*Asks:* 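Please see the structure below; I have some questions.
Remember, it's 1-based here, ligands and their atoms both numbered in the order they're listed. Source: prediction; values computed, not measured.
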Amino acid sequence: MKQFRNYIDGRFVDSDRHFDDLNPVDGSVIARVHEADRAMVDSAIAAGRRAVNGPWGKMSVEGRAKILYRIADEMERRFDDFLDAEMSDTGKPHAMASTIDVPRGAANFRVFADILKTAPLEAYRTDLADGAHAINYTVRKPLGVVGIISPWNLPLLLLTWKVAPALACGNAVVAKPSEETPATATLLAEVMDTVGVPAGVFNLVHGFGPESAGEFITTSADIDAITFTGESRTGSAIMRAAADHVKPISFELGGKNAAIVFADCDFDKTIEGMMRAVFLNSGQVCLCSERVFVERPIYERFVAAMAERMSSMKLGWPGDKASNMGPLISSEHRDKVLGYFELARAEGATFVAGGRVPKFNDARDQGFWVEPTLITGLSDQARCMREEIFGPICHVTPFDGESEAIARANDTRYGLAATIWTTNVHRAHRVAESMKVGLAWVNSWFLRDLRTPFGGSGLSGIGREGGMHSMNFYSELTNVCVRVEGGAA
Ligand code: NAD
Ligand code: 6OD
C-alpha cells in the first residue's frame, strides 16, 4: 500500500495515526495517509522559523527565483506522476488535469518567480518647510512562517497558488492539503527535496480540520499568517481561531455565482462557454455558475441547447481521453449534492436533465457519481438559489432587461465571480462593472492571467491574491524615511 507521509524540516515523517485516501471513481483505497499530530505541526512551524531566520530569509531575490524555477522544471519533468496522482485522488478527466491542474501547478512557481523579480517598491520625496527633504522608500521582508490550508477541488493548482508566492517572498510554509487529496502535495514535497529547497522552508502536514492538523496550524501563536481556500463556514471558524493571536489572513471561499446571458450573445459560443462554466470539474470549482439568468427571447432555446449538450457528456474513467466529467470527491459530498437535488424537488424545481445517480454496471457504481443536472422554475429566494451546492447543477431562469439581470445576479451574500455573455460592447462593460464580485468575465469564464487580482467579497472571502496582491500579502513592508539636509547643489 502506498504511504503518504508528512514532510517536516527536510525529512519525510511517519505517524502512528493513519487514514485512507480514496479514489472517488470507484471508492478504492489509493494510499495510507500519515496524520500529523500537534507535536509534528509544532515541529514543522519551528523548522520554518529556523529557515526564515537562516540563509533562506536573507537570500537574494535572484537566488529564490532560481529555486522556484527549479521547482517548476522538476514538476514538469514529473508531469505524468502529478497527472496520475491528481486523476486518482479526484477522478477528474485527463482532459482537465493535463491542461489545467498540472500545468498550472508548475506555472505558479514560474510566474511568481518572475513577478518577484520585477516587483516594484514605493518611493516618495517629501519636501520639508525648512528646505530639507525626506526620502521615503519601502523594504519588503518575509512575514515569517505562513500556514497554508487548501481544499480538494483543484488540489495542486490551489496549493501551489499559495506556496509559490509565499516562498518567493522569503517565507517558510507549513502546508496542509485537504484530507481528500493528499497525493500531489506529497509529490510536491518530493520535488522540494529533489531540487534542494533548504530544510524547513517547505513543510507538509497531513490531516483534517477540527482537532487535527488544520486546527493545530490555525490556533498556533507561532504561525505568522494564514492563507486559506475552502468553504465559507470553515473560513469563519479559522477567523475565530486566528483572532486570538491577531495575524494576517487571506480567505478564498465559496461562491453562488451568476451567469447572465443576453439575447444578443453569440449563441453557439455561449453554450460552449456555459457548459464549461457549469460542469468543469463536475461543478466543483468555486467559480462555477450555479445561477444562470437568460434573456427571455432566447430562454427556451438556451435550455434546450444545454440539455442537448448535456445528453452527450461522457462520465468516464479519468484516463479515457474522451471523458469530460468525473465523479464528486466523496460519498459525503455526494450526499450533500443529492440532498440539494431533493430540496430542489421540494422547492418546486423542474428537472430538465439529470438529477440522479448514474448506473454504469461496472466498478464506477462503487464511486461517487451524479448526473449533470439542469433545473428551472425556482424562485430567487429558494434555498437552492442561495446556498452553494458545489456540484454539476445549474438553475436557469428567464429575465427581462439589463437592470433586472444585474439586480438578481447581485442578490446573494457571496461575491466571487460572474460571467456575462453579450456581443454589445457597451453593455458588456456596463454590466461587468455593476457585478458585486471579485471576478467578472465577459464572453469567457475562468480565463486566467496570474498577474490579476483574484478573490471575492462577502461570504466569498477576504483580500485578493495574484500578481502584486500576492507579493503584498506574503510580505511585511517597512517604510524607511531618511531626512536629507539642504537642497541639491
Ligand atoms: P473545506 O472548508 O471543507 O476544507 C478546506 C480545507 O480546510 C481542508 O484542508 C480542511 O481539512 C481544512 N479545514 C476544515 N475545517 C478546518 C478547521 N476548522 N480549521 C482548519 N482547517 C480546516 O472546503 P473543501 O470542501 O475542501 O472545498 C470546497 C469549498 O472550497 C467550496 O466551498 C469552494 O467554493 C471553496 N473554494 C473556494 C475557492 C476560491 O478561490 N474562492 C477555490 C476553491 C474552493
Ligand atoms: O486560478 C486560480 O488562481 C484560482 N485560485 C482558482 C480557483 C478556483 C476555485 O475553485
*Asks:* Give the single entry among Gly455, Gly255, Cys286 that approaches atom 8 (C) of ligand 2 most closely by any heavy atom.
*Replies:* Cys286
*Asks:* So, Glu272 and Lys269, do they make that salt bridge, N to O below 4.0 Å?
*Replies:* no
*Asks:* Which residue from Cys286, Ser178, Ser236, Pro210 reaches closest to atom 36 (N) of ligand 1 through any of its heavy atoms?
*Replies:* Cys286
*Asks:* Do ligand 1 and Ser460 have nitrogen or oxygen atoms that lie under 3.5 Å from each other?
*Replies:* no
*Asks:* Tell me which protein heavy atom sits closest to atom 12 (C) of ligand 1, plus the residue, atom name and distance to 0.1 Å.
*Replies:* Ile149 CG2, 3.6 Å
*Asks:* Looking only at non-hydrogen atoms, which of Ile148, Thr234, Leu459 approaches atom 14 (C) of ligand 1 most closely?
*Replies:* Thr234
*Asks:* Between the side chains of Glu347 and Arg383, is the shortest nitrogen-to-carboxylate-oxygen separation below 4.0 Å, so that they form an ion pair?
*Replies:* no
*Asks:* Do NZ/NE/NH1/NH2 and the carboxylate oxygens of Asp73 and Arg110 come within less than 4.0 Å?
*Replies:* yes
*Asks:* Does Asn153, backbone or side chain, put an N or O under 3.5 Å from an N or O of ligand 1?
*Replies:* no
*Asks:* For the CD atom on Gln381, are there more than 12 heavy atoms of other groups (residues, nucleotides or ligands in this structure) within a distance under 6.0 Å?
*Replies:* yes
*Asks:* Which pair of heavy atoms, one from Lys247 and one from Ser220, lies closest together, and at what distance?
*Replies:* NZ-O, 2.7 Å
*Asks:* Closer than 4.0 angstrom, basic N to acidic O: yes or no for Arg291 and Asp380?
*Replies:* no
*Asks:* Would one find an N or O of Trp152, backbone or side chain, under 3.5 Å from an N or O of ligand 1?
*Replies:* yes
*Asks:* Less than 4.5 Å apart, side chain to side chain, heavy atoms only: is that true for Leu459 and Ser236?
*Replies:* no
*Asks:* Look at atom 10 (C) of ligand 1 and say which protein heavy atom is nearest, naming residue and atom and giving the distance to 0.1 Å.
*Replies:* Glu179 OE1, 3.6 Å
*Asks:* Which ligand 2 atoms are under 4.0 Å away from a heavy-atom of Leu158?
*Replies:* 4 (C), 5 (N), 6 (C), 7 (C)
*Asks:* Does Leu154 approach ligand 2 within less than 4.0 angstrom via side chain, backbone, both or neither, non-hydrogen atoms only?
*Replies:* side chain
*Asks:* At the 4.0 Å heavy-atom cut-off, does Gln284 count as touching ligand 2?
*Replies:* no
*Asks:* Which residue owns the protein heavy atom closest to atom 2 (C) of ligand 2, what's the atom, and how far is it?
*Replies:* Arg448 NE, 3.2 Å
*Asks:* Would Ser232 count as a contact residue for ligand 1, given that I'm defining contact as a non-hydrogen atom of the residue lying under 4.0 Å from a ligand atom?
*Replies:* no
*Asks:* Salt bridge between Asp222 and Arg49, side-chain N to carboxylate O under 4.0 Å?
*Replies:* no
*Asks:* Within the structure, is a non-hydrogen atom of Ser150 found at a distance of less than 4.0 Å from ligand 1?
*Replies:* yes
*Asks:* Any chance the rings of Phe473 and Trp161 have centres within less than 6.0 Å?
*Replies:* no
*Asks:* For the 3.5 Å polar cut-off, considering only N or O atoms, please tell me whether Leu253 and ligand 1 meet it.
*Replies:* yes
*Asks:* From the options Phe446, Trp161, Phe454, select the one whose nearest heavy atom is closest to atom 4 (C) of ligand 2.
*Replies:* Phe454
*Asks:* Apply the test side chain to side chain contact (heavy atoms under 4.5 Å, CB included) to residues His34 and Val13: give CA-CA distance (whole Å), side-chain angles for both, the deciding distance (0.1 Å), then the verdict.
*Replies:* CA-CA 8 Å; His34 291 247; Val13 179; over 6 Å; no
*Asks:* Measure the distances from the heavy atoms of Phe228 to every atom of ligand 1 and state whether one is below 4.0 angstrom.
*Replies:* yes
*Asks:* Do you know which two heavy atoms are closest between His245 and Ala221, and how far apart they sit?
*Replies:* CE1-CB, 3.4 Å
*Asks:* Return yes when Gly461 approaches ligand 1 closer than 4.0 angstrom through a heavy atom, no otherwise.
*Replies:* no
*Asks:* Considering only heavy atoms of Phe208, which atoms of ligand 1 have at least one such atom less than 4.0 Å away?
*Replies:* 11 (O)
